[in-house]
J.: 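Sharing a structure here in structure tokens format.
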Amino acid sequence: MDVMEFFQHSAGQWQSQRTTHHLPFRRAELGGSNITVEALDKANEKIIAICELHEIDPALAVGGAYVAWNGEMAWDRDGEGNHEGTTVFALVPDQDNSRKGRLLRERGYAEIVPVVGRYEMDDEDGLILETEYDTMSSVERFWFVTPDLRMRSSIVKRFGGFNTASFCAETRVVDGKAIEGTPLADTAAVEAFDQTSQLAAMGW
């Protein structure tokens, strides 16, 4: 699987269940979100615009994606914690290895500014994204367990040691419902996920 095939498989609606570990405080926080992914080909005007924003020849891109999300976390207060937004990114492979390259973002994961990160498809067809910001860095890994169940782990390292690690299970949604047979399609499985994800996120 190449990087564009990964995003083509990711296209659609997803329901995400997240556990975030605030490492300095030794506390975990649960949350969830709804995610929409649209794969974009290299001729899409959004891909051309993001390349031009970063002063990179659009002809070098292989495509990218538009992502929209909204959700909430357990510690949000009323009227606070606005976890929603959209972003566009473009994929520019390295000349000597198309499984690695630059990820041009309209806005970053950890800071809302245009940023250039790195992507790599690993030996298990997982997608690894690494991004350096002015005040922090992030590493994310995405992988498919089944075509309708995607996992995501991430760690954000901030200056001063205020680091967080997260683990998500993301289930494909069709006609407003999670796909039958996936972990988030029933309450008991969600509870089991909450317990195991706390161990998984701390194990890397």
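Only a predicted model underlies this, so the values are computations on that prediction, with no experimental measurement involved.
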J.: Any side-chain heavy-atom pair from Ser153 and Phe142 closer than 4.5 angstrom?
T.: no
J.: Should Ile48 and Leu91 be regarded as members of a common hydrophobic cluster, given that ILVMFWY residues are connected when their side-chain heavy atoms come within less than 4.5 Å of each other, either directly or indirectly?
T.: no
J.: Are any of the side-chain heavy atoms of His22 and Asn163 separated by less than 4.5 Å?
T.: no
J.: Considering all heavy atoms of both residues, which atom of Pro93 and which atom of Val62 are nearest to each other, and what is their separation?
T.: CG-CG1, 3.4 Å
J.: Of the non-hydrogen atoms in Ser10 and Val37, which two are nearest, and what is the gap between them?
T.: O-CB, 3.4 Å
J.: Give the C-alpha distance, both sets of side-chain angles, the deciding distance and a yes or no for side chain to side chain contact (heavy atoms under 4.5 Å, CB included) between Leu103 and Leu129.
T.: CA-CA 8 Å; Leu103 183 79; Leu129 306 180; 4.0 Å; yes
J.: May I ask you to check whether Phe144 and Phe6 place their ring centres under 6.0 Å from each other?
T.: yes
J.: Please name the pair of heavy atoms, one in Trp143 and one in Gly126, separated by the smallest distance, quoted to 0.1 Å.
T.: CB-CA, 4.2 Å
J.: What do you reckon, are the aromatic ring centroids of Phe89 and Tyr119 less than 6.0 Å apart?
T.: no
J.: Using modelled atom types and a 3.5 Å cut-off, is there a donor and acceptor pairing between side-chain atoms of Glu5 and backbone atoms of Asp2?
T.: yes
J.: Heavy atoms only: give me the nearest Ile47-Ala61 pair and the separation to one decimal.
T.: CG2-CB, 4.0 Å
J.: Flag the pair Arg99 and Asp125 as a salt bridge only when some basic side-chain nitrogen lies within less than 4.0 angstrom of an acidic carboxylate oxygen.
T.: yes
J.: What verdict does the salt bridge (charged side-chain N to carboxylate O under 4.0 Å, His left out) test give for Asp94 and Arg118, after you've listed the backbone C-alpha separation in whole Å, the side-chain angles of each residue and the deciding distance to 0.1 Å?
T.: CA-CA 10 Å; Asp94 292 344; Arg118 295 285 301 173; 2.7 Å; yes
J.: If you apply the rule side chain to side chain contact (heavy atoms under 4.5 Å, CB included), what do you find for Glu140 with Arg152, and how did you get there?
T.: CA-CA 7 Å; Glu140 303 169 85; Arg152 173 160 52 106; 4.3 Å; yes
J.: Does Arg150 make a cation-pi contact with Trp14 (under 6.0 Å, within 45 degrees of the axis)?
T.: yes
J.: Carefully, step by step, assess Thr164 and Arg158 under the rule side chain to side chain contact (heavy atoms under 4.5 Å, CB included).
T.: CA-CA 8 Å; Thr164 59; Arg158 294 177 171 84; 3.6 Å; yes
J.: Specify the closest pair of heavy atoms between Ala68 and Thr86, including all atoms of both residues, with the distance to one decimal.
T.: CB-CG2, 3.7 Å
J.: Walk me through whether Ser137 and Val156 qualify under side chain to side chain contact (heavy atoms under 4.5 Å, CB included).
T.: CA-CA 6 Å; Ser137 63; Val156 177; over 6 Å; no
J.: With side chain to side chain contact (heavy atoms under 4.5 Å, CB included) as the test, pick out the partner of Arg105 among Ile50, Thr131, Val88.
T.: Thr131
J.: Find the distance between CE (Met151) and OG1 (Thr171) and round it off to the nearest 0.5 Å.
T.: 8.0 Å
J.: Atom CG of Leu127 and atom CE of Met1: how far apart are they, to the nearest 0.5 Å?
T.: 10.0 Å
J.: Considering all heavy atoms of both residues, which atom of Ala11 and which atom of Ala39 are nearest to each other, and what is their separation?
T.: CB-N, 4.3 Å
J.: Can you tell me how far the CD atom of Glu170 sits from the OG atom of Ser33, to the nearest 0.5 Å?
T.: 7.0 Å
J.: Report the distance from atom CD1 of Ile128 to atom CG of Asp122, rounding to the nearest 0.5 Å.
T.: 4.5 Å
J.: Are Ile35 and Val173 linked, directly or through other ILVMFWY residues, by side chains that come within less than 4.5 angstrom of each other?
T.: no
J.: Go through the steps to decide whether Ser166 and Arg18 satisfy the test side-chain hydrogen bond (donor to acceptor under 3.5 Å, both in side chains), and finish with yes or no.
T.: CA-CA 7 Å; Ser166 300; Arg18 172 193 293 263; 3.3 Å; yes
J.: Using a 4.5 Å cut-off on heavy atoms from C-beta on, say whether the side chain of Glu52 contacts that of Pro58.
T.: yes
J.: Apply salt bridge (charged side-chain N to carboxylate O under 4.0 Å, His left out) to the pair Glu124 and Arg141, showing each step before the final yes or no.
T.: CA-CA 11 Å; Glu124 298 178 340; Arg141 184 177 188 267; 3.4 Å; yes
J.: Any sub-3.5 Å donor-acceptor pair from Asp41's side-chain atoms to Asn44's backbone N or O?
T.: yes
J.: Is there side-chain contact between Thr87 and Trp69, with at least one heavy-atom pair below 4.5 Å?
T.: yes
J.: Distance check, rounded to the nearest 0.5 Å: Thr20 atom OG1 versus Ile155 atom CD1?
T.: 11.5 Å
J.: Please test Gln13 against Thr36 for side-chain hydrogen bond (donor to acceptor under 3.5 Å, both in side chains), starting from the C-alpha separation and ending with a verdict.
T.: CA-CA 5 Å; Gln13 305 283 330; Thr36 301; 2.9 Å; yes
J.: Nearest 0.5 Å please: distance from the NZ atom of Lys157 over to the CD atom of Glu132.
T.: 9.0 Å
J.: If you count heavy atoms of other groups shown closer than 6.0 angstrom to CG of Asp96, is the number above 12?
T.: yes
